[in-house]
Amino acid sequence: MDQEKIGKFISKCRKQKKLTQVEVAEKLGVSDKSVSKWENGKCMPDLSLFNPLCEILGITVNDLMSGEIVNNKDSINILGENIINVVSDLETKKKKKLKIFIISLILILISIISYRCFYVYYEIDIKYDERIMQCNISDKELTFVIKGQSVWNTYHTVKEINNEKVYFFHSTINVYNKTRSNWEYQQSMARLLEGKEVEYGFRHILDVKNENIKVYYTDSDIKKVEAATKEELKTIIKNSHLMCKKIKHK
């Protein structure tokens with residue numbers, strides 16, 4: 001259907017009946033803005049309004065759908081064409097709505113999956129806390145321990161500075177485990193204050209040689225430590241936390 005042609009026809013018939021858009025709107029129980037949109041060809045009246053609108057304008061539904069007065073001789077053929085056009089328009093609208101629905105559904109699924117990935121896999125830095133973090137160096141092993149907090153990953157790197165092996169540790173948790181980790185932390189602090197054993201924790205053990213060793217916990221990403229220049233490394237060490245050290249006796 002030619003919406004623009006039909007709109008001009010509605011406007012023409014309304015004016016011939018000496019009716020305003022407001023008056024037509026009141027008779028149909030719609031807003032005058034709706035009538036204006038019909039006449040400007042922006043949209044069509046709802047199918048339920050076809051008959052009452054035609055009665056107000058003194059035309060037939062066939063006239064309305066054609067956008068002009070239809071002669072009786074041609075009315076049957078034109079009516080058939082109009083019916084086909086209406087059905088075709090409805091099918092187009094259905095397809096459009098279905099397409100919008102499918103796209104919306106896909107976007108919702110993408111959002112859910114993205115949120116799930118963030119919730120489960122996104123890592124949050126664990127800041128240094130001397131109450132729950134411990135380090136010990138024996139002749140052959142370096143042990144790094146976090147008590148009372150779930151750990152998602154622990155990263156470490158080693159730098160050789162002034163004939164010393166300098167170890168940097170950094171741990172993370174994930175968003176999914178953040179709530180539980182907070183609960184573990186609070187429970188563990190309470191048990192520590194009572195002098196009891198902490199139930200939750202993490203232990204990382206590395207084999208080491210008999211050499212001078214320093215161990216730092218850094219709040220920085222380990223990748224930054226690995227890529228740091230000598231000057232940048234000095235700043236990182238300054239801002240890191242010395243946990244333990246071992247000096248080899250000659």
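All values below come from the heavy atoms of this structure, side chains included, with hydrogens, waters and symmetry mates left out.
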Return the minimal non-hydrogen interatomic distance between [X] and [Y], and the atom names on each side.
X      : Y      : value
Thr229 : Glu232 : N-OE1, 2.9 Å
Met243 : Cys135 : CB-CB, 3.7 Å
Ile222 : Phe169 : CD1-C, 4.2 Å
Met44  : Gln3   : CG-CG, 3.7 Å
Cys244 : Asn136 : SG-N, 4.0 Å
His204 : His156 : NE2-ND1, 3.8 Å

Does the side chain of Tyr217 pick up a donor-acceptor pair with the side chain of Glu130 at under 3.5 Å? no
For Asp219 and His170, test the side chains for any donor-to-acceptor distance below 3.5 angstrom and give the result as yes or no. no
If you measure from the Lys or Arg side-chain nitrogens to the Asp or Glu carboxylate oxygens, is any gap between [X] and [Y] under 4.0 Å?
X      : Y      : value
Lys234 : Glu231 : yes
Arg131 : Asp129 : yes
Glu164 : Lys245 : no

Note, [X] side chain near [Y] side chain (heavy atom, < 4.5 Å):
X      : Y      : answer
Val166 : Val158 : no
Asn153 : Glu123 : yes
Val24  : Leu53  : yes
Ser171 : Ile146 : yes
Val225 : Leu233 : yes
Val145 : Lys147 : yes
Trp38  : Lys33  : no
Asn239 : Thr218 : no

Between [atom1] on residue [X] and [atom2] on residue [Y], distance to nearest 0.5 Å:
X      : Y      : atom1 : atom2 : answer
Asp46  : Leu28  : CG    : CG    : 11.0 Å
Leu49  : Ile56  : CG    : CD1   : 9.0 Å
Thr60  : Phe50  : OG1   : CZ    : 11.5 Å
Lys127 : His241 : NZ    : NE2   : 8.5 Å
Ile137 : Tyr167 : CD1   : OH    : 8.5 Å
Leu242 : Lys214 : CG    : NZ    : 6.5 Å

Are Val35 and Val61 co-members of a hydrophobic cluster defined by side-chain heavy atoms under 4.5 Å apart? yes
Decide whether Ile124 and Phe202 are clustered together by the hydrophobic rule: side chain heavy atoms of Ile, Leu, Val, Met, Phe, Trp, Tyr closer than 4.5 Å, transitively. yes
Are more than 12 heavy atoms from other residues, nucleotides or ligands located less than 6.0 Å from atom CD of Glu4? no
Does a sphere of radius 6.0 Å around NZ in Lys159 hold more than 12 heavy atoms from other residues, nucleotides or ligands, not counting ones at 6.0 Å or beyond? yes
Exercise answer: donor-acceptor pairs, residues 8-17 side-chain atoms, under 3.5 Å, sequence neighbours excluded:
| unit_1 | atom_1 | unit_2 | atom_2 | d |
| --- | --- | --- | --- | --- |
| Arg14 | NE | Glu39 | OE2 | 2.6 |
| Arg14 | NH1 | Leu19 | O | 2.8 |
| Arg14 | NH2 | Glu39 | OE1 | 3.2 |

So, Asn40 side chain and Ser36 main chain: donor-acceptor pair closer than 3.5 Å or not? yes
Donor-acceptor under 3.5 Å (Ser240 side chain, Ile236 main chain): yes
Quickly, which of Tyr155, Tyr216, Tyr128 forms a ring pair (Phe, Tyr, Trp, His ring centres under 6.0 Å) with Phe168? Name it, please. Tyr216
Please determine whether side chain to side chain contact (heavy atoms under 4.5 Å, CB included) holds for the pair Ile126 and Met133, giving the CA-CA distance in whole Å, both sets of side-chain angles, and the decisive distance to 0.1 Å. CA-CA 11 Å; Ile126 297 176; Met133 294 182 180; 3.7 Å; yes
